2 protein chains.
Amino acid sequence: MVGRLIHLMRDAKGHGCDLVVFPELALTTFFPRWFFERQEDIDFFFERDMPGPETQPLFDEAVRLEIGFQIGYAEAVVEDGRERRFNTSILVDKSGLIVSKYRKIHLPGHAAHEPERPFQHLEKRYFEVGNLSWPVVHAFGGLMGMCICNDRRWPETYRVMGLQGVEMVMLGYNTPVHNPPAPEHDRLGWFHNHLVMQSGAYQNGTWVVGVAKAGNEEGCELIGGSAIIAPTGEIVAQCVTSGDELIVARCDLDLCKPYKETIFNFAIHREPEQYRMIVERKGAVPPPKP
Amino acid sequence: MVGRLIHLMRDAKGHGCDLVVFPELALTTFFPRWFFERQEDIDFFFERDMPGPETQPLFDEAVRLEIGFQIGYAEAVVEDGRERRFNTSILVDKSGLIVSKYRKIHLPGHAAHEPERPFQHLEKRYFEVGNLSWPVVHAFGGLMGMCICNDRRWPETYRVMGLQGVEMVMLGYNTPVHNPPAPEHDRLGWFHNHLVMQSGAYQNGTWVVGVAKAGNEEGCELIGGSAIIAPTGEIVAQCVTSGDELIVARCDLDLCKPYKETIFNFAIHREPEQYRMIVERKGAVPPPKP
């Protein structure tokens, strides 16, 4: 995997890129599709050090090429005196320094083994909910944020970063073509993927870079459809294959300004007092019948 | 105006409709495009009673046809011991009863006269921010909500109704083709209009019915583009003219269920603790530079 990533990174450098965004859980398979009983079988997929012995060459190559990157991986860490596991992404600058870390908050799927499924979706079993909020940092000449996969379907994700002035949201995703709980929506996977990223971009005046694993992984078809989306909500670059594919865009962060300063000038137009239900209520509660 | 609305209502009845949705400020012109110095010139556009003498025939015809309707208008009311003005919409059932009222929360535009504009957008001058939240009520066999125009661009609007289990969001809008503060985005008016309503529908598993004034009103071109949007996010009916035009769809509210019960089962998948910034912060605040 590291070899493949280095190959793509060199390709990107050849196209003048400053920054490469890799998918969610880019170093391993999307292992939450399998139920493992033994913790050691799960731990096999987790990184304890970043960079570690296997990933150091990726960092070294980035420094050599003077290129930054964002990558997702499974993170195991001892924190608060206990073993913890997160679905994590990091942003690495051109000098090889980790300048931001995010731990996935919206874990989809289920926690219990559901043997009737051809593929599990056990993120709620193998990971804790992230504890770093959605960080936005100064890097690459702008304000850079991250989220992961299912986060992109939730407008709250983009808004928390929008409220920090984010100018580029980077995210990786692993979305199967087939969703067993609602197979009638499988035909809409591509549409929904772009719909949520495009509206998140427009409604916060930010670039969104969504990067998929694609094709067949361990017998599971993934939707692919990686896209680079402007603050206008328009897709400016899009993958069209299910193989390793580089897409490139020149992302002028100043294109965020007209939105942040006019229609989505939050300081003038938001009404936070009216949004309290968003934090005070978790599940939907219909009004009482009259 | 009432005559035009009655004509459209009869047309709708002929197509088997149970419910008609009319635009924002449907009884008058979109008067916030003009600066008036005298309060009596502003008050001319406001309703003090609903129904009042001019609007009673609309209610009478709805009862006769056994059809419900949603309509927007400028509301003047004495409340809390003072004169107050809101940009309001109401939902009227088949027996002519007002079963829900909404007062617009996201007032766009500006409060001061900007003489350099060909058209003003003085909603912040002529209206107060609504004080009825976004109500969701049992009516027409489901859970019905309302918002108005600019509200539709803010994901918080849909989410507050989604948290009440909303199955149909009705909204009217008056969106000019030309937006003086950011004319470079005029080409995207139609795209943004549908993007925000489609994502709001999908992300909350609800129908969205967006109804525009269209064509040329007092020299101002409006985008039109009324649409009926399914909980899948797909547009199932759409206006294609800038005249008075009826679009019809059979809206099966049960199509909301698969979304509300799987991918957007809020009780299982939302993380409200992580959303606090949405209510604790109004304007965007970038992180400090390192």
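Below, chains carry the letters A, B, ... as their sequence lines are ordered, and counting in each starts from 1. From a predicted model like this one, the values you see are computed outputs, not experimental measurements.
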Tell me, with the steps shown, if B:Arg270 and A:Ile278 meet side chain to side chain contact (heavy atoms under 4.5 Å, CB included). CA-CA 10 Å; B:Arg270 289 183 81 244; A:Ile278 291 171; 3.5 Å; yes
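- Close placement of the A:His106 and B:Tyr275 rings is indicated, their centers lying within 6.0 Å of each other.
- Side chains of A:Val279 and B:Glu280 form no contact here, defined as non-hydrogen atoms less than 4.5 Å apart.
- At a threshold of 4.5 Å between non-hydrogen side-chain atoms, the residues A:Arg281 and B:Gln164 count as touching.
- In this structure, the portion of A:Glu184 lying under 4.5 Å from any heavy atom of chain B is its side chain and not its backbone.
- A:Lys282 and B:Ala267 get closest at one heavy-atom pair: CE-O, 2.8 Å.
- With a 4.5 angstrom heavy-atom cutoff, A:Leu107 touches chain B only via backbone atoms.
- Residues A:Phe191 and B:Gln198 have side chains in contact (heavy-atom distance under 4.5 Å, counting atoms from C-beta outward).
- The most heavy-atom pairs under 4.5 Å with chain A, out of B:Pro290, B:Gly162, B:Pro287, B:Pro288, come from B:Pro287.
- In this structure, CD in A:Glu273 is found 13.5 Å from CG in B:Asn131, a value given to the nearest 0.5 Å.
- Summarising the geometry, atom CZ belonging to A:Arg187 is positioned 6.0 Å from atom OG1 belonging to B:Thr232; distances are rounded to the nearest 0.5 Å.
- Among all heavy-atom pairs drawn from A:Arg153 and B:Phe264, the shortest one is O-CE2, 3.8 Å.
- Only the side chain of A:Thr262 comes within contact range of chain B, with at least one heavy atom under 4.5 Å from a heavy atom of that chain.
- Between chain A and the residues B:Gly130, B:Ala182, B:Pro272, the largest count of heavy-atom pairs under 4.5 Å involves B:Pro272.
- By number of non-hydrogen pairs under 4.5 angstrom with chain A, the leading residue of B:Gly109, B:Gly283, B:Ser133 is B:Gly283.
- Taken from CD in B:Glu271 to CD1 in A:Ile105, the straight-line distance is 7.5 Å, to the nearest 0.5 Å.
- Of the atoms belonging to A:Lys260, not a single heavy atom falls under 4.5 Å from chain B.
- Of the two parts of A:Leu143, only the side chain, counted from C-beta on, holds a non-hydrogen atom closer than 4.5 Å to a non-hydrogen atom of chain B.
- Counting only heavy atoms from C-beta outward, the side chains of B:Val196 and A:Gln203 approach each other to under 4.5 Å.
- Using a 4.5 Å heavy-atom cutoff, the side chains of A:Trp154 and B:His269 are in contact.
- If you measure heavy-atom distances from A:Pro108 to chain B, the contacts under 4.5 Å come from the backbone alone.
- By the 30° and 60° cut-offs, the orientation of the rings of B:Tyr259 relative to A:His192 is perpendicular.
- Of the two parts of A:Val129, only the side chain, counted from C-beta on, holds a non-hydrogen atom closer than 4.5 Å to a non-hydrogen atom of chain B.
- Across all their heavy atoms, B:Leu163 and A:Met277 have their closest contact at CD1-O, 3.4 Å.
- Using a 4.5 Å cut-off between heavy atoms, A:Pro135 makes no contact with chain B at all.
- Ranked by non-hydrogen atom pairs under 4.5 Å with chain B, the options A:Gly165, A:Pro181, A:Ala284 are led by A:Ala284.
- Scanning both residues, A:Pro155 and B:Pro155, for their nearest heavy atoms gives CB-CB, 3.5 Å.
- At a threshold of 4.5 Å between non-hydrogen side-chain atoms, the residues A:His185 and B:Ile263 do not count as touching.
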